[in-house]
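For reference, the structure discussed in these notes is given below.
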Amino acid sequence: MDVEERLAALEARVRAAEDHLAILNLLNSYGPMVDSGSAERAAQLWIEGGGYNFSGGTSQGTRLEAPDRLVAMYRGDGHMGLVKNGVSHLTATPVIKVDGDEATALGYTFVILREDGRWFVFRAAINEWKLVRTPGGWRIAERFNRTLTGSDESHQVMRRILEQ
Amino acid sequence: MDVEERLAALEARVRAAEDHLAILNLLNSYGPMVDSGSAERAAQLWIEGGGYNFSGGTSQGTRLEAPDRLVAMYRGDGHMGLVKNGVSHLTATPVIKVDGDEATALGYTFVILREDGRWFVFRAAINEWKLVRTPGGWRIAERFNRTLTGSDESHQVMRRILEQ
Amino acid sequence: MDVEERLAALEARVRAAEDHLAILNLLNSYGPMVDSGSAERAAQLWIEGGGYNFSGGTSQGTRLEAPDRLVAMYRGDGHMGLVKNGVSHLTATPVIKVDGDEATALGYTFVILREDGRWFVFRAAINEWKLVRTPGGWRIAERFNRTLTGSDESHQVMRRILEQ
């Protein structure tokens, strides 16, 4: 390769590494935002019209659309009760695959809640995030989340790792 | 340095950063594979003849060889009981040091298990992974794992960080 | 841009990615050091005169100065009791922002302690680390840590993410 080709190849590789690290930062900023009740900023981690599809309670799966439905959830009594109690929405480092202006992340998240002077795992889930590059940086297009109950659906999310 | 030297230096540095991120992806793909019962794919994270040496129960340390012995373990009733119950094999982000075609990672892993509508830490361990570059990407050559019981052996694994 | 400009831009971008990964390694080396009683090496993750400000117990916030006060804490009966019992000081991957020779990291840490054949979350906290580049690599200048009790102070630390 000549100098021009080597520079172009390097620029593309550096951008992919930067993208990987930027997505890691994006997903790890979610916890401190929702755990401090910063509802609007948390919802802005998604693109407008993006979604968060999660299971829990008696629900088989609910998709909330960003930003309004997410803001409402993070402002609701259920979520704000966690915030006042002391909580961490922990994003375990996911497998991140960048493909141009799109990316996928797959990994676990945990909600760690205070109780009687210690903390416990209130919720554990597997997640697939679909991410897109925007003029303002990487954002979440869709987050699909299922709790770890041994269900077929949770195992199917995990097995998307096999296609990456 | 002239242009040629600067390009060569950059290419080496970019490769090292890519290697770091590729190893992070490799180690974080383990959980979703074993937790969904994808035994063969999990075992293929190791090179053929590679090993997983772990403590637990009454054992002082067992080394299982990849891929057959690992596949058998992940297909066994003990492991599949966890899968059906709901479980996360969580890899905490380790310290990763890349040295050409070899690398070392050192860090914690946790098995988070469902019980009575919440989750608890069933197993916590310190790990040293020896990794190698192969034509198919980075793979695990050896994983050495000891549970956090305050044992000398577990502390010795942790202290390998001092030599890195 | 001409070749010289493109090389200079690439060199700066590669250094920023390397810095991000080096800080990730630095913060993740803390656990294996303190959990194996390697007091001096743990304290050397800070610059001389750097500080660790944390809450806990009845304290409203204590700042210990590196290295001597930190070495004393890690050698003390309280900490060594954890080491002998079996413990993991877990650093969840933080949001890392590099700005030349300084950087900030913001994220959760957990102390996972053994009890009756399983492990539990003994301490959960939000942290802001201020980091500096030194001739020997990145080091911690200040670590500010508050447990997750739902306090205003803990939420204020989390909200520093909004300014990054």
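Given the structure is predicted, the values throughout are model-derived calculations rather than measurements. Proteins come first, then strands; the chains are lettered A, B, ... in the order of their sequence lines, and each starts at number 1.
A:Phe120 CZ: more than 12 foreign heavy atoms inside a 6.0 Å radius. For A:Glu115, the CD atom sits in a packed shell: over 12 heavy atoms of surrounding residues, nucleotides or ligands are nearer than 6.0 Å.
Both the backbone and the side chain of A:Ser29 come within contact range of chain C, with heavy atoms under 4.5 Å apart. Of the two parts of C:Tyr108, only the side chain, counted from C-beta on, holds a non-hydrogen atom closer than 4.5 Å to a non-hydrogen atom of chain A. At a 4.5 Å heavy-atom cutoff, the contact between A:Leu24 and chain C is made by side-chain atoms alone. Contacts between C:Leu113 and chain A at a heavy-atom distance below 4.5 Å are absent for every atom of the residue.
Closest approach of C:Met1 and C:Glu5 over heavy atoms only: CA-OE1, 3.2 Å. The two atoms that bring C:Trp129 and C:Gly107 nearest to each other are CZ3-N, 4.0 Å, heavy atoms only. The minimum heavy-atom distance linking A:Trp119 with C:Phe122 is given by the pair CZ3-O, 3.6 Å. A:Val34 approaches A:Ala42 most closely through the heavy-atom pair CG1-CB, 3.6 Å. Taking every heavy atom of both residues into account, C:Ala43 and C:Val71 meet most closely at CB-CG2, 3.5 Å.
Inter-residue side-chain proximity for A:Leu27 and A:Thr109 is flagged as unmet; no heavy-atom pair is nearer than 4.5 Å.
Using a 4.5 Å cut-off between non-hydrogen atoms, no part of residues 135-158 of chain A approaches chain C. Proximity to chain C among residues 95-103 of chain A is not found for any residue, judged by heavy-atom separations below 4.5 angstrom. Contact annotation for residues 77-94 of chain A against chain C (heavy-atom separation below 4.5 Å, listed by residue number): A:Val83, A:Lys84, A:Asn85, A:Gly86, A:Val87, A:Ser88, A:His89, A:Leu90, A:Thr93. Residues of residues 7-14 of chain A lying within less than 4.5 angstrom of chain C, judged on heavy atoms, are A:Leu7, A:Ala8, A:Leu10, A:Glu11, A:Val14 in numerical order.
Counting heavy-atom pairs under 4.5 Å between each of A:Gly31, A:Gly117, A:Ser36 and chain C puts A:Ser36 at the top.
Here CG of A:Asn25 is found 7.5 Å from CD1 of C:Ile161. Values are rounded to the nearest 0.5 Å. Atoms CD and CZ, on C:Glu18 and C:Arg15 in that order, are 9.0 Å from each other to the nearest 0.5 Å. Note: C:Leu45 CG to C:Leu70 CG = 9.5 Å, rounded to the nearest 0.5 Å. Rounding to the nearest 0.5 Å gives a distance of 5.0 Å between CZ of C:Arg63 and CD of C:Glu65. In this structure, CZ on C:Arg123 lies 5.5 Å from OG on C:Ser55, to the nearest 0.5 angstrom.
C:Tyr52 and C:Phe54 have tilted rings, their planes meeting at an angle from 30° to 60° on a 0 to 90° scale.
A donor-acceptor contact shorter than 3.5 Å links the side chain of A:Trp46 to the backbone of A:Gly51.
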Query - Working for side chain to side chain contact (heavy atoms under 4.5 Å, CB included), residues A:Arg118 and C:Val121 - result: CA-CA 6 Å; A:Arg118 49 173 72 183; C:Val121 183; over 6 Å; no
Requested in this report: Check step by step if side chain to side chain contact (heavy atoms under 4.5 Å, CB included) holds for A:Leu26 and A:Leu131.
Outcome: CA-CA 10 Å; A:Leu26 179 84; A:Leu131 302 130; 3.6 Å; yes
